[in-house]
Amino acid sequence: MNARTQTFDFTTECHQISEVVSCIFHSILFHRTLGKFHYRQEGRYSIGTIGYEDIDCDFIDLTYVRCASSALAKTMNHYVSAFDQAIRDPSNMTENGVRSGQISLEFYNKKKVNWPFAAECLPWEVWTIRIEIKTIRSEIERQMNREYLGELVGEKVVLIAEVMNRQQYLPKIPAQSEVDLIFDTSYPDIQPYLFRITHSTTSPPSTTSVGKTVRRIFRETLAF
């Protein structure tokens, strides 16, 4: 089965990166999270409720909804902060002075395999955010960017809701013995589908040329 993919592109200032990514990924997870499962017996279960909370952004004109789970918020903050630091790193710059990167939220199932091998992970949905950093020097331009970015991210949140309401593949609710193959049961108050977050940045090519490497080896040979 091929995983569904969706990619969003944004151009932001450095201080807006975390809010853009958090808004998009929390909006996705809000739709891909269930309450805790309570199994009475095999084949019979009930599902708990999910709390929600409104989050006001500081650097874009937008308020979004996320699961009211401090554990999930902590997990998201960890990955978003790591991406934010990586894309801001001075070494993450092309020869044209552009800093960019991407971060992906992937949902997957686990497939049991024979011992001693680890379970195989099979992705079924991947959401990717690509970000390019820009520098704004005018306060008027900064305010216009703040409003524009708020509208753009808001449109993507609406699109996310539309995608979630389509008839499409979702893993079936598993038996109690296999719930860990579909859901992350480590959270005390919610049960999201298994997911992982990865990121990459556009780093410049190595400054060490072939010629420099040959000359260094030649010098070391003469010294020997």
Side-chain angles (χ1 to χ4, degrees), residues 1-12 14 16-35 50 52-55 57 59-60 62-69 71-88 92 99-111 120-133 148-172 181-187 190-202:
M1 180 189 69
N2 294 325
R4 295 189 301 271
T5 61
Q6 188 80 43
T7 301
F8 297 145
D9 292 291
F10 299 101
T11 301
T12 76
C14 284
Q16 296 172 317
I17 297 171
S18 292
E19 288 188 341
V20 169
V21 176
S22 295
C23 174
I24 296 296
F25 280 2
H26 271 300
S27 297
I28 295 167
L29 279 166
F30 185 73
H31 293 277
R32 290 288 182 248
T33 299
L34 302 179
I50 301 176
Y52 66 90
E53 56 189 356
D54 294 334
I55 303 298
C57 296
F59 302 113
I60 58 176
L62 187 69
T63 298
Y64 66 92
V65 176
R66 73 181 186 188
C67 297
S69 168
L72 182 61
K74 183 177 180 180
T75 297
M76 184 61 66
N77 288 341
H78 168 77
Y79 288 108
V80 172
S81 295
F83 175 63
D84 183 75
Q85 293 176 14
I87 199 172
R88 287 172 182 252
N92 174 42
R99 282 186 289 172
S100 61
Q102 67 177 43
I103 183 168
S104 296
L105 170 60
E106 175 186 288
F107 294 95
Y108 65 95
N109 297 340
K110 289 181 180 179
K111 181 180 179 182
E120 182 181 359
C121 296
L122 304 174
W124 51 272
E125 187 173 74
V126 183
W127 300 79
T128 298
I129 300 173
R130 296 190 300 211
I131 287 183
E132 182 176 309
I133 296 177
Y148 169 75
L149 192 57
E151 292 178 359
L152 181 59
V153 175
E155 290 173 1
K156 301 305 182 187
V157 172
V158 172
L159 176 60
I160 290 168
E162 292 175 352
V163 170
M164 297 299 179
N165 287 326
R166 294 173 186 167
Q167 291 292 331
Q168 54 191 349
Y169 169 81
L170 278 177
K172 294 181 179 180
L181 301 179
I182 305 296
F183 294 98
D184 187 339
T185 59
S186 65
Y187 294 94
I190 57 173
Q191 202 157 282
Y193 286 99
L194 287 170
F195 70 91
R196 55 190 172 195
I197 299 174
T198 58
H199 73 260
S200 62
T201 57
T202 305

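The first residue of the sequence shown is numbered 1, and numbering continues consecutively from there.
- No side-chain heavy atom of His31 sits under 4.5 Å from any side-chain heavy atom of Asn165.
- Pairing each heavy atom of Ser104 with each of Thr128, the nearest pair is OG-OG1, 2.8 Å.
- Between Glu125 and Gln6, every side-chain heavy-atom pair lies at or beyond the 4.5 Å cut-off.
- A pairwise comparison of heavy atoms in Phe25 and Ile103 identifies CZ-O, 3.6 Å as the closest pair.
- Asp84 CG to Ile17 CD1: the interatomic distance, rounded to the nearest 0.5 Å, is 5.0 Å.
- One finds the CH2 atom of Trp127 at 8.5 Å from the CZ atom of Phe107 (value rounded to the nearest 0.5 Å).
- Closest approach of Gly150 and Leu62 over heavy atoms only: O-CD1, 3.8 Å.
- Put simply, the side chain of Met76 does not reach to within 4.5 Å of the side chain of Leu72, judged on heavy atoms.
- Listed here is the closest heavy atom pair of Cys67 and Glu53: O-OE2, 3.8 Å.
- The aromatic rings of Phe195 and Tyr187 sit parallel to each other, their planes meeting at less than 30°, with 60° as the upper class boundary.
- The side-chain heavy atoms of Lys156 and Phe10, taken from C-beta on, include a pair separated by under 4.5 Å.
- Ring orientation note: the planes of Tyr64 and His26 are close to parallel, at an angle under 30° on the 30°/60° scale.
- Side-chain contact between Leu194 and Trp124: absent, with no pair of heavy atoms (C-beta onward) separated by less than 4.5 Å.
- Using modelled atom types, no side-chain atom of Glu106 and backbone atom of Arg196 make a donor-acceptor pair closer than 3.5 Å.
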Going through the checks in order, is the side chain to side chain contact (heavy atoms under 4.5 Å, CB included) test met by Phe59 and Thr12?
-> CA-CA 10 Å; Phe59 302 113; Thr12 76; over 6 Å; no

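- The two atoms that bring Phe83 and Ser200 nearest to each other are CE1-O, 4.1 Å, heavy atoms only.
- Geometric assessment of Arg4 against the ring of Tyr169 yields a negative cation-pi assignment under the 6.0 Å and 45° thresholds.
- Listed by chain and number, the residues in a side-chain hydrogen bond (donor to acceptor under 3.5 Å, both in side chains) with Ser69 are Asp189 (sequence neighbours excluded).
- Here OG1 of Thr11 is found 11.0 Å from CZ of Arg130. Values are rounded to the nearest 0.5 Å.
- None of Val157, Val65, Ile55 except one satisfies the side-chain contact (heavy atoms from CB on, under 4.5 Å) rule with Cys23; the exception is Val157.
- With sequence neighbours excluded, no residue forms a side-chain hydrogen bond (donor to acceptor under 3.5 Å, both in side chains) with Glu19.
- Annotation: the span from Ile160 atom CD1 to Arg32 atom CZ amounts to 10.5 Å, rounded to 0.5 Å.
- With hydrogens and angles disregarded, a donor-acceptor distance shorter than 3.5 Å links the side chain of Arg99 to the backbone of Arg88.
- Side-chain atoms of Leu149 and Val20, non-hydrogen and from C-beta on, do get closer than 4.5 Å to each other.
- Side chain of Asn109 to backbone of Leu122: no donor-acceptor contact under 3.5 angstrom is found.
- Distance OG1/Thr75 to CG/Leu29: 9.5 Å, rounded to 0.5 Å.
- Taking all atoms of both residues into account, the shortest heavy-atom contact from Pro192 to Thr33 is CB-OG1, 3.5 Å.
- One distance of note links CD of Gln191 with OG of Ser186; it measures 9.5 Å at 0.5 Å rounding.
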